[in-house]
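Order of the sequence lines fixes the chain letters, A, B, ..., with proteins taken first and strands second; residue numbering starts at 1 for each chain.
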Amino acid sequence: MLADPLPRTFYQRDPITVARDLLGKTLHRRSRQGLTSGTIVEVEAYLAKGDSACHAFRGPTPRNRTMFGPPGHLYVYSIHARYCLNAVTEQAGIASAVLIRAIEPLAGLAVMRARRGRAKPIDYARGPARLCEACDVTRRLDGWDLTRGRRIWIAAGNLDSEAAGTGDSGFGHSGSGNSLACLGFRTGQSPRIGVTSAQHAPLRFFVDGSPYVSGPRRDHSPR
DNA sequence: ACGGGGATCGGCT
DNA sequence: GCCGATCCCCGTA
C-alpha cells in the first residue's frame, strides 16, 4: 500500500545511497490535528567518518545520541530556535544520517497553513525548519522509529528517479497524485546548505527543477 | 528581486 | 559565553 512505512533495510545502507533513494518518497506525519504528507524533494547526507559537518563528528553527546542508535529512527535536533529532522542510516554504532530539507506538500495543506502562519503555500515545507513546523516535528519525536507507521514514517512515493526507475533499488513505487507524478525526475547534486565546514562535499541531493526545493528559486513567478 | 542583518535558544566548551 | 545542518523582515532599486 502506498503509505506503508519503508522497512528497516531501506535505512541500513550508506547515507548517500539512502539520501538519493529518499527523493520521491513520501513523508507522513499523523498528529492530533490531522495527517500532513508530502513528497521528499531535497535531502542531505551526513557521513559517519571524516565529515566535520556531521553532528556526530566529535563523538556522542546527549543531543546526538539517536544518531548512534539503530537505523530507521528519527533524529531531531534544534538549531536557531527551530527544528530539523533526519533519518538515521547504516547501523547502530555508526552515526550517519540523512537530513530531509524539503517536501512538496500533498495532504494536510489546511493544517500546514494553520501552523505556518502567513507563509505562502510554496514555502510551507521548503527548508528543514519550515518542514518541521508544517508537520509539527519537534524534539519530542527524537528517537522515534520510522518503520512502525505511527506518528511519523516514510513510504514509497509517486516519483521515480531515472536510476530508481530502472528497478535497482527495489524500494520504488509507481503511482500518481502530485505535480511531478509519472514524469520521473532528474536528481540534482550540490554542496550542503548552511554548513560551515566540509563545504565542498557535494552531499545535497534534490529533485531537479522542483519549485519546492529550498535555496534561491529559479522561477520568478509569484506564488 | 535581492542581499544584509537580526532574532532566538539549546547544546557544548 | 559562543555558535549554529535557519528563517524572516526590511532595506534598496
K.L.:
Mind calculating the distance between OH (A:Tyr77) and P (C:dC3) to the nearest angstrom?
P.N.:
18 Å

K.L.:
When you measure from every atom of DNA chain C, which of residues 193-202 of chain A have a heavy atom less than 4.0 Å away?
P.N.:
A:Ile193, A:Gly194, A:Val195, A:Thr196

K.L.:
Any base atoms under 4.0 Å from A:Ala129, or only sugar-phosphate, or nothing? Heavy atoms, all strands.
P.N.:
sugar-phosphate

K.L.:
Is the A:His55 ring parallel, tilted or perpendicular to the A:Tyr75 ring (thresholds 30°, 60°)?
P.N.:
perpendicular

K.L.:
Which nucleotide wins on minimum distance to the side chain of A:His80, given the candidates C:dT6, B:dC9, C:dA5?
P.N.:
C:dT6

K.L.:
Would you mind telling me which residue lines up with the more 5' stretch of DNA chain B, A:Arg139 or A:Ala81, judged by nearest nucleotide?
P.N.:
A:Ala81

K.L.:
Without hydrogens or angle criteria, can the side chains of A:Ser96 and A:Thr89 be said to hold a donor-acceptor pair below 3.5 Å?
P.N.:
yes

K.L.:
Are A:Thr61 and A:Arg63 close enough that a side-chain donor and a side-chain acceptor fall under 3.5 Å?
P.N.:
no

K.L.:
Just compare C:dC7, B:dG11, C:dA5 and give me whichever is closest to any side-chain atom of A:Met67.
P.N.:
C:dA5

K.L.:
So if I apply the salt bridge (Lys or Arg N to Asp or Glu O under 4.0 Å) rule between A:Glu133 and each of A:Arg116, A:Arg115, A:Arg126, which one comes out positive?
P.N.:
A:Arg116

K.L.:
The side chain of A:Arg118 is closest to which nucleotide in this list: C:dC9, B:dC9, C:dA5?
P.N.:
C:dC9

K.L.:
May I have the distance from A:Arg130 (atom CZ) to C:dA5 (atom P), rounded to whole angstrom?
P.N.:
17 Å

K.L.:
Could you give the CD-to-P distance, from A:Glu133 to C:dT6, as a whole number of Å?
P.N.:
15 Å

K.L.:
Looking only at side-chain N and O atoms, does A:Arg204 offer a donor or acceptor that is under 3.5 Å from a partner on A:Ser190?
P.N.:
yes

K.L.:
In plain terms, say whether A:Asp123 and A:Arg118 are close enough for a salt bridge, that is, a side-chain N and a carboxylate O under 4.0 Å apart.
P.N.:
no

K.L.:
Using a 3.5 Å limit on both pairing distances, list the dot-bracket string of DNA chain B from the 5' end; Watson-Crick and G-U wobble pairs count, crossing pairs take [ ], interstrand pairs take |.
P.N.:
|||||||.||||.

K.L.:
What is the distance from NE2 of A:His55 to P of C:dA5, rounded to the nearest Å?
P.N.:
5 Å

K.L.:
Just checking, is any N or O donor in the side chain of A:Arg139 or A:Ser78 under 3.5 Å from an acceptor N or O on the other one?
P.N.:
no

K.L.:
Check the side chains of A:Thr66 and A:His73 for a donor-acceptor pair under 3.5 angstrom, ignoring hydrogens and angles.
P.N.:
no

K.L.:
Remember a base hit wins even if backbone is also touched, and classify A:Arg82 as base, sugar-phosphate or nothing at under 4.0 Å, heavy atoms.
P.N.:
base

K.L.:
Is it the case that the side chains of A:Glu104 and A:Ser210 hold a donor-acceptor pair, with the cut-off being a distance below 3.5 Å and no angle test?
P.N.:
no

K.L.:
Report which part of the nucleic acid A:Arg101 touches: base, sugar-phosphate, or nothing (heavy-atom distance under 4.0 Å, all strands).
P.N.:
sugar-phosphate

K.L.:
Report the nucleotide, chosen from B:dC12, C:dC7, C:dA5, that has the shortest atom-to-atom distance to any side-chain atom of A:Thr61.
P.N.:
B:dC12

K.L.:
Would you indicate which nucleotide in C:dC8, B:dG11, B:dT8 comes nearest to any side-chain atom of A:Arg116?
P.N.:
C:dC8

